[in-house]
Protein chains: 2
Amino acid sequence: MIVKEGLDGFGVNKLARAAGVSPATIYIYYKDREDLIIQTTIRVADTMLRESLHDFDPEMHFAEGLRKQWQNRANHFLQHPLDVEFIEKMRYSHLYDKVSGQIYLTFKDVMGKFVHNAIERKELIALPFEVYWSLAFAPLYQLIKFHTQKKTFGHLPFELTEESMEQTLQLVLKALKPDPLPS
Amino acid sequence: MIVKEGLDGFGVNKLARAAGVSPATIYIYYKDREDLIIQTTIRVADTMLRESLHDFDPEMHFAEGLRKQWQNRANHFLQHPLDVEFIEKMRYSHLYDKVSGQIYLTFKDVMGKFVHNAIERKELIALPFEVYWSLAFAPLYQLIKFHTQKKTFGHLPFELTEESMEQTLQLVLKALKPDPLPS
DNA sequence: TTTAAAAGTAAGCGATCGCTCACTTATCTT
DNA sequence: AAGATAAGTGAGCGATCGCTTACTTTTAAA
């Protein structure tokens, strides 16, 4: 409902009707409307982050590890597009402050270790974490957004193919790889 | 109001009260609530896109032109942070379909020309427009988002400095620049 | 089989929603 | 100055909002 009609189109009464239960039932499980939204967001985001680390190990080589994460994220998107759209919406809602603190806990550790290892092994240039993140993942999420919007920048709607993803990843890796020292 | 309380916290009565006018007055200028939001979004987005092209020319060298656009966008953000937050919110709202078509018209031409020129001059590798866009701008917008959220990935909140922006831009340019042919 | 806790419900509260109508005030034309 | 048009208003409509209360049904332990 939130993906289709937005947060302002989402109401507790409406949800109860759609679910075929009484509004009062909802308040057995959630304190109020906001609690429902926040708890749902946390649940979905947790699943997504856990899946993004599937078969991932912070000891992996950088290129290999980053590709794995891109694949995990892309796969999750293809299998649960609604979840991804939901989280993206929530990320830009005024409620996001109240969830962001709760969802990155274990995730931050693993990612931090991965980046730290990669820098130590000279597979990744030393960067502030935010700069790294902006380069390493923002392009992928933008591609996904183009795909869901099917906005036509060219004459054809964009599709997130294996090919365009790999192409973009290669360029990201090029940006993040240390320059070989002139010998 | 929308930035602070979200689309679902925004009401016509509330707005009228805050503005010190009668609700009926608002309906002189806008057909309904949705029309108000959409028209406002278009107006703000138009201003932003126009400013992003300030002192820009599609004939510029690629690195120079992209830096100019990053600077314009960053400056606009520093001077009108609320506008930027507003647009970001709207970009992820269910109403965005109804505005996206209307705001990229002239912008698309100029940007298309710029990219086309850069590719012809071998200052930029040949890419689908969406891939280019994802690499060229998504990292900047992610940095801006980190800045506004002041989410602490490290021990200190992130700030969008001239330095971190230039660093990120350099890496983006490295990704997008053709490899020199081995001679 | 009794009983008490848990789960669920219908009905509806007060508040607010988007929006309109009958009307008044300001502005402009001639 | 008179009349026409535009701009703005206060009051409030019906609908829906988030949420609660008094009550019934289901579940499960004793």
Side-chain angles (χ1 to χ4, degrees), chain A residues 1-47 82-103 149, chain B residues 1-47 82-103 149:
Chain A
M1 284 177 66
I2 289 177
V3 167
K4 211 192 296 176
E5 307 179 48
L7 266 178
D8 55 331
F10 169 79
V12 180
N13 289 352
K14 222 185 275 188
L15 172 65
R17 207 177 314 122
V21 299
S22 160
T25 306
I26 290 171
Y27 289 91
I28 298 172
Y29 299 93
Y30 300 100
K31 190 168 106 13
D32 53 26
R33 185 185 107 110
E34 188 174 301
D35 180 52
L36 188 161
I37 296 171
I38 289 176
Q39 290 220 50
T40 304
T41 307
I42 290 174
R43 184 165 45 76
V44 174
D46 259 346
T47 306
L82 236 54
D83 280 11
V84 176
E85 283 192 67
F86 174 65
I87 290 298
E88 285 286 284
K89 256 200 172 62
M90 292 307 302
R91 263 180 65 74
Y92 288 87
S93 97
H94 68 294
L95 292 173
Y96 194 67
D97 295 347
K98 305 187 178 178
V99 303
S100 63
Q102 309 210 35
I103 53 180
Q149 283 191 180
Chain B
M1 284 178 66
I2 290 177
V3 167
K4 210 192 298 178
E5 307 178 48
L7 266 177
D8 54 332
F10 169 78
V12 179
N13 289 351
K14 223 185 274 188
L15 171 66
R17 208 178 313 123
V21 300
S22 160
T25 306
I26 290 172
Y27 289 91
I28 297 172
Y29 299 94
Y30 300 100
K31 189 168 105 17
D32 53 26
R33 185 185 108 110
E34 187 173 302
D35 181 52
L36 188 161
I37 296 170
I38 289 175
Q39 289 221 49
T40 304
T41 307
I42 290 173
R43 184 165 43 77
V44 173
D46 260 345
T47 306
L82 236 54
D83 281 11
V84 176
E85 283 192 67
F86 174 65
I87 290 298
E88 286 286 285
K89 256 202 172 62
M90 292 307 302
R91 263 180 66 75
Y92 288 86
S93 97
H94 67 295
L95 292 173
Y96 193 68
D97 295 347
K98 305 189 178 176
V99 303
S100 63
Q102 308 210 35
I103 52 180
Q149 283 191 180

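Residue numbers start from 1 in every chain, and the chains themselves are labelled A, B, ... in the order their sequence lines are given, proteins ahead of strands.
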Legend entry - Expected output: side-chain B:K14 to main-chain B:G9 donor-acceptor under 3.5 Å: yes
Expressed in angstrom and rounded to an integer, what is the separation of [X] atom [atom1] from [N] atom [atom2]?
{"X": "B:D8", "N": "D:dG18", "atom1": "CG", "atom2": "C1'", "value": "12 Å"}
{"X": "B:I28", "N": "C:dG18", "atom1": "CD1", "atom2": "P", "value": "18 Å"}
{"X": "B:R33", "N": "C:dG18", "atom1": "CZ", "atom2": "P", "value": "6 Å"}
{"X": "B:I38", "N": "C:dG18", "atom1": "CD1", "atom2": "C1'", "value": "15 Å"}
{"X": "A:I37", "N": "D:dC17", "atom1": "CD1", "atom2": "P", "value": "13 Å"}
{"X": "B:L15", "N": "C:dT16", "atom1": "CG", "atom2": "P", "value": "16 Å"}
{"X": "B:D35", "N": "C:dG18", "atom1": "CG", "atom2": "C1'", "value": "14 Å"}

Which atom pair, heavy atoms only, marks the closest approach of [X] to [Y]?
{"X": "B:V3", "Y": "A:H94", "value": "O-CB, 4.3 Å"}
{"X": "A:K98", "Y": "A:I38", "value": "CB-CD1, 3.7 Å"}
{"X": "B:D32", "Y": "B:Y27", "value": "CA-CE2, 3.8 Å"}
{"X": "B:M90", "Y": "B:I37", "value": "CE-CG2, 3.6 Å"}
{"X": "A:K89", "Y": "B:Y92", "value": "CG-O, 3.1 Å"}
{"X": "A:I87", "Y": "A:T41", "value": "CD1-O, 3.8 Å"}

Legend entry - Per-nucleotide protein contact string for nucleotides 20-27 of chain D (B base, S sugar-phosphate only, - none; heavy atom under 4.0 Å): BB------
Legend entry - Side-chain touch A:Q39/A:I42, heavy atoms, less than 4.5 angstrom: no
Legend entry - Note, B:L36 side chain near B:L15 side chain (heavy atom, < 4.5 Å): yes
Legend entry - Polar side-chain contact B:N13-C:dG18 base: donor and acceptor under 3.5 Å: yes
Legend entry - OP1 or OP2 of C:dT9 under 4.0 Å from side-chain N/O of A:T25: yes
Output the single nucleotide from [options] whose closest atom is nearest the side chain of [X].
{"X": "A:V21", "options": "C:dT9, D:dC19, D:dT9", "value": "C:dT9"}
{"X": "A:R17", "options": "D:dT9, D:dC17, D:dG18", "value": "D:dC17"}
{"X": "A:K14", "options": "D:dC19, C:dG8, D:dC17", "value": "D:dC17"}

Nearest 0.5 Å please: distance from the [atom1] atom of [X] over to the [atom2] atom of [Y].
{"X": "B:T40", "Y": "B:D83", "atom1": "OG1", "atom2": "CG", "answer": "10.5 Å"}
{"X": "A:T47", "Y": "A:I103", "atom1": "OG1", "atom2": "CD1", "answer": "11.0 Å"}
{"X": "B:I2", "Y": "B:L82", "atom1": "CD1", "atom2": "CG", "answer": "10.5 Å"}

Legend entry - Dot-bracket encoding of pairs in DNA chain C, which uses [ ] for pseudoknotted crossings and | for another strand, Watson-Crick or G-U under 3.5 angstrom: .|||||||||||||||||||||||||||||
Inset, instruction - Quick one: label A:Y30 by what it contacts on the DNA or RNA (base, sugar-phosphate, nothing), any heavy atom closer than 4.0 Å. - result: nothing
Enumerate all atom pairs, one protein N or O and one N or O from nucleotides 13-15 of chain C, separated by less than 3.5 Å.
none

